[in-house]
Novice: 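My questions will all concern the structure given below.
Worth saying up front: this structure is predicted, and the values here are computed from it rather than measured. Residue numbering restarts at 1 for every chain, and letters A, B, ... go by the order of the sequence lines.
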There are 2 protein chains.
Amino acid sequence: MNRARTFDPHTTLSQVVDLFSSKGYSETSMEDIVQTTGVSRYGLYGTFGTKRELFEQALEQYAEGMGKQSFLRLLEPGASLDHIRAIFDERVADMCCAEEHKGCLFIHTAMQLAPQDEELRGVLQRLMKRMSKAFAIGLDSAKGRGEVSKDVDVDAAGELLTSTMFGLAVLGRTGFPKATLDGIVDSTLGSLQEESK
Amino acid sequence: MNRARTFDPHTTLSQVVDLFSSKGYSETSMEDIVQTTGVSRYGLYGTFGTKRELFEQALEQYAEGMGKQSFLRLLEPGASLDHIRAIFDERVADMCCAEEHKGCLFIHTAMQLAPQDEELRGVLQRLMKRMSKAFAIGLDSAKGRGEVSKDVDVDAAGELLTSTMFGLAVLGRTGFPKATLDGIVDSTLGSLQEESK
DNA sequence: ACCAAATCAGAATGAGAGTTCTGATTTGTA
DNA sequence: TACAAATCAGAACTCTCATTCTGATTTGGT
């Protein structure tokens, strides 16, 4: 054929995800992306399209990565409240004390792009609903194990946990200490537990 | 003396607050501000300084406005859980179904500016702590009225409510319906109530 | 009425953005 | 080996931004 591509799109997209996650959409320039990934403008535009389209693909990969890394285990039978707690602990560890200022790409999208970009808003809604649903399924398993009160509406609680995750991310980005975030996780998960003590 | 200023700084700052709230820092240009406020560049720079400094003043006025409008009543004796619920209801009403895409300036600041701007991050921490403290004081009053469980650590719960407010704002900006946000408010406040039923 | 100082509206400036274009380079195939 | 197609690095282009500058205008004090 001809000259072959010298970069792996998936790897490149991962680096782009990191950039967008830490700085957001507007604050990340194509020049930043070229420098960080080492991929030429030609390669970026030819492979991913415009910056806006690149962002959409980064958002999808970000969600897929979080899904595989964290939320998949909630869909397996036997998922427990500890699994949910572990997800929060992992995310909290990423959020604070991190020099990389790693942020939440969902929040960046919601604040910067969602209001003006109907398509991206739809994508974001779908991803957030998926997240809430995964929490709900995990909560249902935990309920079967007697770890969650029978009074809890798992769908509503799933949305609560999604919302909590975003609140934590905002506080983490503002520089609040890990102890504060841990306290919020404890309160939230504690409120779902059986009231017997 | 000489020619007098033709605008009221406080009124202008209110308009700037609205702009920054709905679009964030980067997406709001000085041209936007000139057009919306009707104030000349000369007036803006002379009165408020650079865009970054203008934003800081807008953030302070935003917080002060929210404080006077919503949180002051929590500091009065006799504050009840209904006062807290009313604050959430008002904020939720602003967040969704709004054509204005009114967002939360705290979140914009946290996501766009806080990591890079140490001073602004400090300001934001102070404002958020004040918000948590107001919640805590309100919760303490509500506890005295028997509306909140005696087991609740009001300081921790205050931080929880602050975090919840941010989670709600993110979901609202993503376009989730009011019912979803109301459900989260109900779950959160419900978890604080006395467990007797 | 007139001066001086501060205002206004908008042009000018310089930096940085996203995107496209260009010549040189690489690589699979004939 | 030579061709052709696709890549690369980076210049070029156009636009927007924040900020400064400029000439005209307003206004309080003498």
Side-chain angles (χ1 to χ4, degrees), chain A residues 1-13 15-59 105 108-109 111-117 119-120, chain B residues 1-13 15-59 105 108-109 111-117 119-120:
Chain A
M1 290 275 281
N2 42 36
R3 185 172 179 178
R5 192 187 275 150
T6 61
F7 65 95
D8 171 46
H10 195 270
T11 304
T12 299
L13 202 49
Q15 298 173 290
V16 174
V17 165
D18 287 343
L19 269 177
F20 279 136
S21 296
S22 55
K23 306 208 298 175
Y25 182 78
S26 306
E27 279 68 23
T28 303
S29 68
M30 292 301 292
E31 179 63 22
D32 285 337
I33 296 175
V34 168
Q35 293 299 327
T36 300
T37 64
V39 177
S40 69
R41 284 167 168 73
Y42 180 93
L44 291 173
Y45 279 91
T47 306
F48 303 107
T50 150
K51 184 188 181 188
R52 154 72 176 70
E53 293 165 335
L54 171 58
F55 181 86
E56 187 172 336
Q57 295 165 70
L59 179 62
L105 201 50
H108 279 301
T109 311
M111 300 308 288
Q112 265 190 357
L113 301 166
Q116 314 273 349
D117 190 322
E119 185 193 353
L120 221 37
Chain B
M1 291 273 282
N2 43 36
R3 186 172 178 178
R5 194 186 273 151
T6 61
F7 64 96
D8 171 46
H10 196 269
T11 304
T12 298
L13 202 49
Q15 298 173 291
V16 174
V17 165
D18 287 343
L19 270 176
F20 280 136
S21 297
S22 55
K23 307 207 300 176
Y25 182 78
S26 306
E27 280 68 23
T28 303
S29 67
M30 292 302 290
E31 179 62 22
D32 285 337
I33 296 174
V34 167
Q35 293 300 326
T36 299
T37 63
V39 177
S40 71
R41 284 166 170 72
Y42 180 94
L44 292 173
Y45 280 91
T47 305
F48 304 107
T50 147
K51 183 187 180 187
R52 152 72 176 70
E53 293 164 336
L54 171 58
F55 181 86
E56 186 172 335
Q57 294 164 71
L59 179 62
L105 200 51
H108 279 301
T109 310
M111 300 307 289
Q112 266 190 355
L113 301 167
Q116 314 274 348
D117 190 322
E119 184 191 357
L120 222 37

Novice: Name the nucleic acid region contacted by B/Thr28, choosing base, sugar-phosphate or nothing; use a 4.0 angstrom heavy-atom cut-off, strictly under.
Specialist: sugar-phosphate
Novice: Rounded to whole angstrom units, what separation is found between the CD atom of B/Gln35 and the P atom of D/dA18?
Specialist: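 It works out to 13 Å between those atoms.
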Novice: When you check the phosphate oxygens OP1 and OP2 of D/dA18, does a side-chain N or O of B/Thr50 lie under 4.0 Å from one of them?
Specialist: no
Novice: Could you give the CD-to-C1' distance, from A/Glu27 to C/dG16, as a whole number of Å?
Specialist: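 Those two atoms, CD and C1', are 13 Å apart.
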Novice: Figure out the NZ/C1' separation between A/Lys51 and C/dT20, and round it to whole Å.
Specialist: 17 Å
Novice: Could you state the atom-to-atom distance from OH of B/Tyr25 to C1' of D/dT16 in whole Å?
Specialist: 15 Å
Novice: Find the distance A/Met30:CE to D/dG10:C1' and express it as a whole number of Å.
Specialist: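 Computing the A/Met30:CE to D/dG10:C1' distance gives 14 Å.
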Novice: Roughly, in whole Å, what's the span from CD1 in B/Ile33 to P in D/dA18?
Specialist: 7 Å
Novice: Do any N or O atoms from the side chain of B/Lys51 and from the backbone of B/Ser29 form a donor-acceptor pair under 3.5 angstrom?
Specialist: no
Novice: If you take all heavy atoms of A/Thr28 and A/Gly24, which pair is closest and at what distance?
Specialist: OG1-O, 2.7 Å
Novice: Using every non-hydrogen atom in the two residues, find where A/Thr12 and A/Leu44 come nearest and quote the distance to one decimal.
Specialist: CG2-CD2, 4.2 Å
Novice: How many Å lie between OH on A/Tyr45 and P on D/dG10, as a whole number?
Specialist: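 Taking OH of A/Tyr45 and P of D/dG10, I get 17 Å after rounding.
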Novice: Starting at atom CG of B/Leu54, determine the distance to atom P of D/dA18, rounded to an integer number of angstrom.
Specialist: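 After rounding, the reported distance stands at 11 Å.
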Novice: Check for a donor-acceptor pair, side chain of A/His108 on one end and backbone N or O of A/Lys23 on the other, with a separation under 3.5 Å.
Specialist: no
Novice: Give the minimum heavy-atom separation between B/Phe48 and B/Pro9, together with the two atoms involved.
Specialist: CZ-O, 3.7 Å
Novice: Is it true that the side chains of B/Glu31 and B/Gln35 contain a donor and an acceptor less than 3.5 Å apart?
Specialist: yes
Novice: Any protein N or O atoms within reach of nucleotides 7-12 of chain C? Criterion: under 3.5 Å, listing atom names and distances.
Specialist:
{"residue": "C/dT7", "atom": "OP2", "partner": "B/Tyr42", "partner atom": "OH", "Å": "2.8"}
{"residue": "C/dT7", "atom": "O2", "partner": "B/Arg3", "partner atom": "NH1", "Å": "2.7"}
{"residue": "C/dC8", "atom": "OP1", "partner": "B/Thr6", "partner atom": "N", "Å": "3.3"}
{"residue": "C/dC8", "atom": "OP1", "partner": "B/Thr6", "partner atom": "OG1", "Å": "2.6"}
{"residue": "C/dC8", "atom": "O4'", "partner": "B/Arg3", "partner atom": "NH2", "Å": "3.4"}

